[in-house]
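Data first, discussion second: the structure below is written as structure tokens.
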Amino acid sequence: MELKRSFIKDLLISEETDKQVNAKGWVRTKRGNKQVAFVALNDGSTINNIQVVIDIANFDENQVKDITTGASISVNGTLVKSMGQGQNVEIQAKEILVYGTANPETYPLQKKGHTLEFLREIAHLRFRTNTFGAVFRIRHAMAFAIHKFFNDKNFYYLHTPIVTGSDAEGAGEMFRVSTLDPENPPKTEDGKIDYAEDFFGKETNLTVSGQLEAELGAMALSNVYTFGPTFRAENSNTPRHLAEFWMIEPEMAFYDINDNMDLAEEMLKYLVKYALDNCIDDLSFLEKRLLEDEKSKPQNERSEMPLIEKLQFIVDSDFVRLSYTEAIDVLKNSKPAKKGKFQFPVEWGIDLQSEHERYLVEKHYKKPVILSDYPRDIKAFYMKQNDDGKTVRAMDVLFPGIGEIIGGSQREEIYDKLSSRINEMGIPEKDMWWYLETRKFGTVPHSGFGLGFERLILFITGMSNIRDVIPFPRTPKNAEF
RNA sequence: UCCUCAGUAGCUCAGUUGGUUAGAGCACCUGACUGUUAAUCAGGGGGUCGUAGGUUCAAGUCCUACCUGGGGAGCCA
């Protein structure tokens with residue numbers, strides 16, 4: 001009789017021993033001697049392996065030889081209490097089917113640790129390691145939690161376009177989308193490429209943000225959010241940037257900047273708590289990994305607290321809120337400013353540098369910080385202007401170790417003010433007619449923000465390079481897999 | 001894009017002021033071991049020293065350019 005396949009996650013907590021079970025998965029290691037072999041089997045359902053015990057006398061010798069690290073097998077056997085230490089239950093194997101072998105001489109994964117840089121070169125196999133298994137299970141849990149959070153609050157998931165003709169936002173360099181022959185594109189009379197001949201009849205690009213379209217949705221559905229891929233063709237080579245990344249962008253009608261900050265703080269705490277409540281095995285593993293990793297670092301480069309404690313701290317603490325202007329005062333009176341330790345001098349009107357943000361979050365407040373009301377001249381055209389004529393209702397959430405995890409604002413809902421700002425910044429108004437019309441017909445105060453999904457995952461997993469929290473990273477000079 | 005460090009066996013690394021046949025640990029293969037937990041013990045195979053030039057009697061080692069990766073910065077999420 002065919003046994004129904006059980007997930008290892010469920011077998012490991014099962015009380016029903018002496019029962020016939022089937023498990024399928026990939027071999028992590030095999031140990032043993034001539035009489036008995038111990039196979040650690042993993043199927044991705046949990047970070048933990050189940051031990052399969054093989055009495056070699058009962059099996060074909062060649063078959064046992066094929067069961068090596070990386071091989072895929074199906075095991076029928078008895079779930080029994082383990083005689084050895086280190087696990088509660090194990091499977092006493094009766095029948096084993098080898099689906100696919102993995103030549104030990106060429107299979108690149110070993111039981112001993114690999115560097116993350118090496119594993120990135122074999123991204124097709126790195127899912128099979130403990131670290132990446134944990135990271136991608138957590139990534140899934142966070143995606144699910146985001147939908148749950150918004151659904152429970154009456155937000156609608158809005159699908160904004162990936163291919164966009166709007167190039168007005170200025171969020172970054174864009175990837176062109178075109179079906180024209182790159183060798184011999186059609187030209188206009190003055191010798192320029194004639195995009196009227198292109199697939200969409202105009203220049204199109206991959207989206208840099210779904211915000212403007214999300215605003216349109218919020219002007220009828222009240223609360224919407226987007227959660228999709230976003231593309232930036234910036235030549236950024238850092239552990240915090242990707243050319244293709246996922247972004248969550250809620251947009252809320254009738255929200256002012258304070259409502260916006262409340263929502264951002266509530267959402268981040270909800271997500272961190274969800275991870276603590278649902279991914280504790282994976283988080284514990286990542287915490288140990290991180291501690292091990294940091295042993296080789298000097299004291300001042302190590303984390304202030306272990307991963308799980310850090311996450312709990314986020315859930316328990318109130319985020320510090322202060323205005324840009326107040327932040328500048330704090331920075332000016334800080335020790336590093338007085339001792340001339342900042343590389344970039346602090347002056348009202350500058351865009352804060354990472355060293356300034358890090359000082360505020362990691363040294364001064366030692367908590368997440370929400371900065372608001374930035375100078376108008378360093379922020380985007382759509383942000384609501386304050387009455388002082390100098391600042392706009394922007395807000396950034398800064399996290400320790402990550403920097404800016406959320407950027408958002410109250411939007412300018414007054415037609416004349418928005419229109420004149422668009423003109424001041426030299427954006428062609430004719431391209432923005434649809435955006436401006438929402439301010440003509442039933443405009444309302446509204447707000448929204450963008451959360452970089454991978455930066456959230458970085459924070460929650462404690463990983464340090466953003467290329468290790470997305471399955472197949474897209475970065476300058478790299479689109480392998 | 002800028003600054004900086006690195007690239008030596010499948011992996012992680014050592015390799016002295018330039019000097020004989022380039023080393024180690026792990027992995028892998030063979031053998032030993034009746035319950036292992038990164039199993040253990042003995043033996044074995046495995047290298048165009050990132051690529052291309054150059055200096056020198058002699059280059060893994062020095063010089064130049066390029067490629068790739070790490071860390072930092074800018075742009076940002």
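Below, read A as the first sequence line, B as the second, and so on, with proteins coming before strands; counting in each chain starts at 1. Only a predicted model underlies this, so the values are computations on that prediction, with no experimental measurement involved.
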side-chain N/O A:R358 vs B:A73 OP1/OP2, d < 4.0 Å: yes
Interatomic distance, A:N58 CG vs B:U34 C1' [rounded to whole Å]: 14 Å
B:G35 base / A:E90 side chain donor-acceptor hit below 3.5 Å: yes
A:N235 vs B:C2: side-chain N/O to OP1/OP2 distance below 4.0 Å: no
Touch class at under 4.0 angstrom, heavy-atom based, for A:I406 against every strand present: sugar-phosphate
Carboxylate-amine/guanidinium contact A:R358 A:E355, below 4.0 Å: no
Listed nucleotide nearest any side-chain atom of A:T238, set B:G74, B:C75, B:G70: B:G74
Salt bridge flag under 4.0 Å for residues A:E251 and A:R411: yes
For atom CZ of A:R120 and atom P of B:U12, their distance in whole Å: 12 Å
Polar contact flag, side-chain donor to acceptor under 3.5 angstrom, A:D351-A:Y374: no
Dot-bracket summary - RNA chain B, pairs being Watson-Crick or G-U whose distances fall under 3.5 Å, with | when paired to another strand: (((((((..((((.....[...)))).(((((.......))))).....(((((..]....))))))))))))....
Touch class at under 4.0 angstrom, heavy-atom based, for A:R467 against every strand present: sugar-phosphate
Side chain of A:H241 - closest among B:U36, B:U37, B:C75: B:C75
Distance-only donor-acceptor check, side chains A:Y435 and A:E215, under 3.5 Å: yes
Whole angstrom value for the distance that separates C1' of B:G45 from CD of A:E105: 9 Å
Distance-only donor-acceptor test (3.5 Å): side chain A:S236, base B:C76: no
Side-chain ion pair, A:R126 and A:D468, N-O less than 4.0 Å: yes
A:R232, nearest nucleotide to its side chain (from B:C76, B:C29, B:G69): B:C76
Exercise: do A:T230 and A:R232 side chains pair donor with acceptor under 3.5 Å: no
Sugar-phosphate only, base, or nothing, as touched by A:P104 at under 4.0 Å among non-hydrogen atoms: sugar-phosphate
Sugar-phosphate, base or nothing in reach of A:N237, heavy atoms under 4.0 Å: base
Cationic N near anionic O, under 4.0 Å, A:E454 to A:R467: no
Sugar-phosphate, base or nothing in reach of A:E121, heavy atoms under 4.0 Å: nothing
Proximity to the side chain of A:Q92 - top-ranked nucleotide from B:C75, B:G35, B:G70: B:G35
CD (A:E95) with more than 12 external heavy atoms under 6.0 Å: no
Closest to the A:Q110 side chain, choosing from B:C75, B:A27, B:G69: B:A27
Touch class at under 4.0 angstrom, heavy-atom based, for A:L456 against every strand present: nothing
Distance below 4.0 Å between A:Q343 side-chain N/O and B:A73 OP1 or OP2: no
Sugar-phosphate only, base, or nothing, as touched by A:Q87 at under 4.0 Å among non-hydrogen atoms: base
Check: A:N130/A:R28 side-chain N/O donor and acceptor closer than 3.5 Å: yes
Base B:C11 to side chain A:H114, donor-acceptor N/O within 3.5 Å cut-off: no
Sugar-phosphate, base or nothing in reach of A:N130, heavy atoms under 4.0 Å: nothing
Sugar-phosphate only, base, or nothing, as touched by A:S82 at under 4.0 Å among non-hydrogen atoms: base
Under 3.5 Å side-chain donor-acceptor pair for A:K94 and A:T78: yes
Closest to side chain of A:E117, choosing from B:G69, B:A73, B:U36: B:G69
Using residues 52-68 of chain A as the side-chain source, report each donor-acceptor pair under 3.5 Å to any protein atom, sequence neighbours left out, with the distance given to one decimal.
residue	atom	partner	partner atom	Å
A:D55	OD2	A:Q92	NE2	3.2
A:Q63	NE2	A:I96	O	2.3
A:T68	OG1	A:A102	O	3.0

Sugar-phosphate only, base, or nothing, as touched by A:M83 at under 4.0 Å among non-hydrogen atoms: base
B:C11 phosphate, OP1 or OP2, under 4.0 Å from A:T115 side-chain N/O: no
Length of the line joining A:F118:CZ and B:G10:C1', which is rounded to integer Å: 7 Å
Of residues 29-40 of chain A, the positions that come close to RNA chain B - non-hydrogen atoms, cut-off under 4.0 Å: A:R31, A:G32, A:N33, A:K34, A:Q35, A:F38
Touch class at under 4.0 angstrom, heavy-atom based, for A:E454 against every strand present: nothing
A:D262/A:R321 salt bridge by N-O under 4.0 Å criterion: yes
